[in-house]
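Please read the structure below before turning to the comments.
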Amino acid sequence: MTDYPEFASSVISELPEKGVISCSSPSNIALIKYWGKRPIQLPENASISFTLDSCKTTTDLSYRKRDVEGDDFDFELFFEGKPKPDFKPKIESFFERIYQYLPFLKNYAFTIHTTNTFPHSSGIASSASGMSALAYCLMQLEKRINPDISEAEFIQKSSFLARLGSGSACRSIEGPVTVWGEHSDIVGSSDAFAIPFPSPIHPNFENYQDTILLIDKGEKQVSSTVGHNLMHGHPFASKRFEQASGNISLLKEILTSGDLDAFIEVVESEALTLHAMMMTSLPYFILMKPNTLSVIQEIWEYRNTTGSKICFTLDAGANVHILYPDSEKKQVLEFITNKLVAYCQNGQYICDKIGLGAKLL
Ligand code: DP6
């Protein structure tokens, strides 16, 4: 019995012999953060993110039908052209989780080639783009096997499968703004998959920019899975989940009204709360670096003196995402190159913007 029978595959008749499928899928940046989950990969609160455009993973999935169906999964994995054995256990457990929804997985030998557009070990989460790209490739194969699947089912199941690889990955299948997690104010929302933000988004957010300052490219001290688990028994957990839920309602209004001052307040508060949760868990940890705080101070000063609508958000690391309207692009890039680059490791930063999600190449 599957947990979500609506995502079970129909009976397989004929399986294609072999082929290659190439897809790309972007990373995303959460505005309302997902931090805390229950088994299996279900969020404790709803989250909302901007899907990114140029920070993405490209995955080529080669498949060859095995002579007889195996008892195990048969796959090889290459990252930027080289075998990557340390990624294999994560993919293996992803396959275990999704096998009940894609029963053809054991009928094939797969070779997976994957590359990222952003620099290796830049501290940018690659699980969202990587897992969504792989889920999307596998769904393309599912579609070859079961061509009757509707576009809506295809997209929803892609997000559902991506979630089982990494929670935030389910928010990367579509864009420009997606919501994951059931919430009474968001029609059609679900814990099982993400949906596009269901109301029209104000033109203020069109082409919204995200410049990612690479403050520290070191290995993460804490994996996000460990971090999520530290919310179990966390002294502030239930208040935090309540707060996130209230922030979803606020952001819903803001995205439709285009109120950028209110946007700044919710987004920056969410970023700092995420890090406050880390600082107040047991064990406690601090992922921000001195330069993260310096950048935040500079942003606040710039905003006070210029009236700009720029703001920051953070993921589970030291890097700073700077969000701003397209109309301010020129001035903000000047501010970044004049002031903020000095705080970046090797002067590195990445210019990205809101994007549309996974694609078949
Ligand atoms: C801080 O999706 O990476 O970026 O589900 O364990 O794979 P797993 O975690 P992951 O967590 C993302 C946490 C975050 C906030 C967010 O993206 O909402």
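Everything numeric in this text was worked out from a predicted model, so none of it was measured. As the structure lists them, so they are numbered: ligands from 1, and atoms in each ligand from 1. The figures here come from the full heavy-atom set of this structure, side chains too, leaving out hydrogens, waters and symmetry mates.
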Taking the hydrophobic residues Ile, Leu, Val, Met, Phe, Trp and Tyr, and joining any pair whose side-chain heavy atoms are under 4.5 Å apart, which ones share a cluster with Leu282? Tyr284
Would you check whether Arg163 reaches within less than 4.0 Å of ligand 1, judged by its heavy atoms? no
Look only at interatomic distance and state if Tyr34 has a nitrogen or oxygen under 3.5 Å from any nitrogen or oxygen of ligand 1. yes
Answer yes if the ring centres of Phe73 and Tyr99 are under 6.0 angstrom apart, and no otherwise. yes
Geometric N/O contact Thr225 with ligand 1, under 3.5 angstrom: yes
For Lys239, enumerate each residue passing the salt bridge (Lys or Arg N to Asp or Glu O under 4.0 Å) test, keeping only those at least two apart in sequence or located in another chain. Glu242
Part of Ser127 with heavy atoms under 4.0 Å of ligand 1, whether side chain, backbone, both or neither: side chain
Under 4.0 Å from a heavy atom of Gly167: which atoms of ligand 1 are those, numbered in the order shown and with their elements? 2 (O), 5 (O), 7 (O), 8 (P)
Compare all side-chain heavy atoms of Phe263 with those of Asn204 and state whether any distance is below 4.5 angstrom. no
Do Thr313 and Lys33 have side-chain N/O donor and acceptor atoms under 3.5 Å apart? yes
Test: Arg66 and Asp72 ion pair at under 4.0 Å: yes
Give the atom numbers and elements of ligand 1 that come within less than 4.0 Å of a heavy atom of Ser224. 3 (O), 9 (O), 10 (P), 11 (O)
Kindly identify the option in Ser172, Ala30, Ser166 whose heavy atom sits closest to atom 7 (O) of ligand 1. Ser166
Contacting atoms of ligand 1, where contact means under 4.0 angstrom from a heavy atom of Lys37: 5 (O), 6 (O), 8 (P)
I'd like the name of whichever of Gln41, Arg171, His228 reaches closest to atom 9 (O) of ligand 1 through any heavy atom. His228
Logged contact type for Ile29 with ligand 1, heavy-atom cut-off 4.0 Å, is neither
Heavy-atom check, side chain of Gln243 versus side chain of Ile32, under 4.5 Å: no
Counting both backbone and side chain atoms, is some N or O of Asp315 under 3.5 Å from an N or O of ligand 1? no
Would you say the ring centers of Phe87 and Phe78 fall short of 6.0 Å from each other? no
